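Here's the structure we're looking at; comments come further down.
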Amino acid sequence: MKNILESPFVKEMIEVTSNMYRLGWDERNGGNVSYLLDEDELKEYLNLNNVIRNIPLMGLNEVDFDITPLLNKYFIVTGTGKYFKNVAKAPEVNLGIVRIKKEHIELLWGFEDGGRTTSEFPAHMLCHIARLSVNPKNRVIIHSHPTNTLAMNYVHELSDKDFSHTLWQMCTECIVVFPEGVGVLPWMLCGTVEIGMETAKKMHDFRLVIWAMHGVYASGETMDETFGLIETVEKAAQIYMLISDKKQINTITDNNLIEIAEFFKVNYRKEFLN
Ligand code: 2HA
Ligand code: ZN
């Protein structure tokens, strides 16, 4: 068996959580990450017949929604109550590798202090199901609390169209990075299946969904793509927060946006232009 602490997926989890902590996006136990793993790759590091213990699905039951699309799939995921700050120094305590079953999840590695998967596990699983239905290559869901994106929620209209349009105008390349725009949910109670369902609905159309006054849910085929998406939205929101109370004399016009999108050949959401 290879050493799991040297595996690319554990290293990527450490890198992404450390970066998000250092950027100030994930204070205390804020944020969570889940990453769909390839069984053949995982087998090189773990005996998959060795179940350490079962963990309840935490709000996931057949009445809530159908977990079937994820049955027997493997995820590495951050733990409930765990701090991103601590993942690098104790990955085997702050992270877990689980296999999804109908009635519970099986812990195969990690959560060594008796911990369990993030309280946002229902939302993560619903988002994986939604993204896999539109892109079978999707593997990553990240929830985070990026500072300027949250700040912007307090001072900007929260419709998908208005919010996306403003973000596109804040940096020239935004429309290339997220041509579909972003989805925005109103303030809702977190940790529930309901917010997970609403997020998943929007994830059919957008890779990134904002939870107003709370944070973002982002998805992607790789850790880099997913992190880069949050980073780009956050950068745009930062520009907005730097300029929105100042006299603005220049802008990126809708014609400019069309020009960029056409040059880079991206399929942007045309109804989000004015
Ligand atoms: O898990 O960010 O929304 C900590 C959170 C919950
Ligand atoms: Zn949160």
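What you are looking at is a predicted structure, and each value in this text was computed from that prediction instead of being measured. Start at 1 and go down the list; that is how both ligands and their atoms are numbered.
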**OP:** Assess R269 against F206: is NZ or CZ under 6.0 Å from the centre of the six-membered ring, and within 45 degrees of the ring's axis?
**Re:** yes
**OP:** State whether Y268 and K270 meet the cation-pi test: NZ (Lys) or CZ (Arg) under 6.0 Å from the six-membered ring centroid, and within 45° of the perpendicular axis.
**Re:** yes
Considering the heavy atoms of [X], write down every atom of ligand 1 situated less than 4.0 Å from one of them.
{"X": "H145", "value": "2 (O)"}
{"X": "G31", "value": "1 (O), 2 (O), 4 (C), 5 (C)"}
{"X": "H214", "value": "3 (O)"}

Original post:
So, K102 and D66, do they make that salt bridge, N to O below 4.0 Å?
Top reply: yes
Original post:
Hey, do the aromatic rings of H165 and H156 have their centres closer than 6.0 Å?
Top reply: no
Original post:
Ring centres of F75 and H128 under 6.0 Å apart?
Top reply: yes
Original post:
Heavy atoms, side chains only, cut-off 4.5 Å: are V33 and F84 in contact?
Top reply: yes
Original post:
Mind checking whether R131 and R207 have side chains closer than 4.5 Å, heavy atoms only?
Top reply: yes
Among all protein heavy atoms, pick the one closest to [atom] and tell me residue, atom and distance.
{"atom": "atom 1 (O) of ligand 1", "value": "N32 ND2, 2.9 Å"}
{"atom": "atom 4 (C) of ligand 1", "value": "N29 O, 3.0 Å"}
{"atom": "atom 6 (C) of ligand 1", "value": "E120 OE2, 3.2 Å"}

**OP:** Kindly give the cluster partners of Y217, where membership spreads through any ILVMFWY side chain lying under 4.5 Å from a current member.
**Re:** I141, L185, M188, I195, M203, V209, W211
Original post:
Between T118 and ligand 1, is there a nitrogen or oxygen pair with a distance under 3.5 Å?
Top reply: no
Subject >> Side-chain donor-acceptor contact under 3.5 Å, T78 with N32 >> reply: no
**OP:** Under 2.8 Å from the Zn ion (ligand 2), which protein N, O or S atoms are there? Could you list them by chain and number?
**Re:** H143 NE2, H145 NE2, H214 NE2
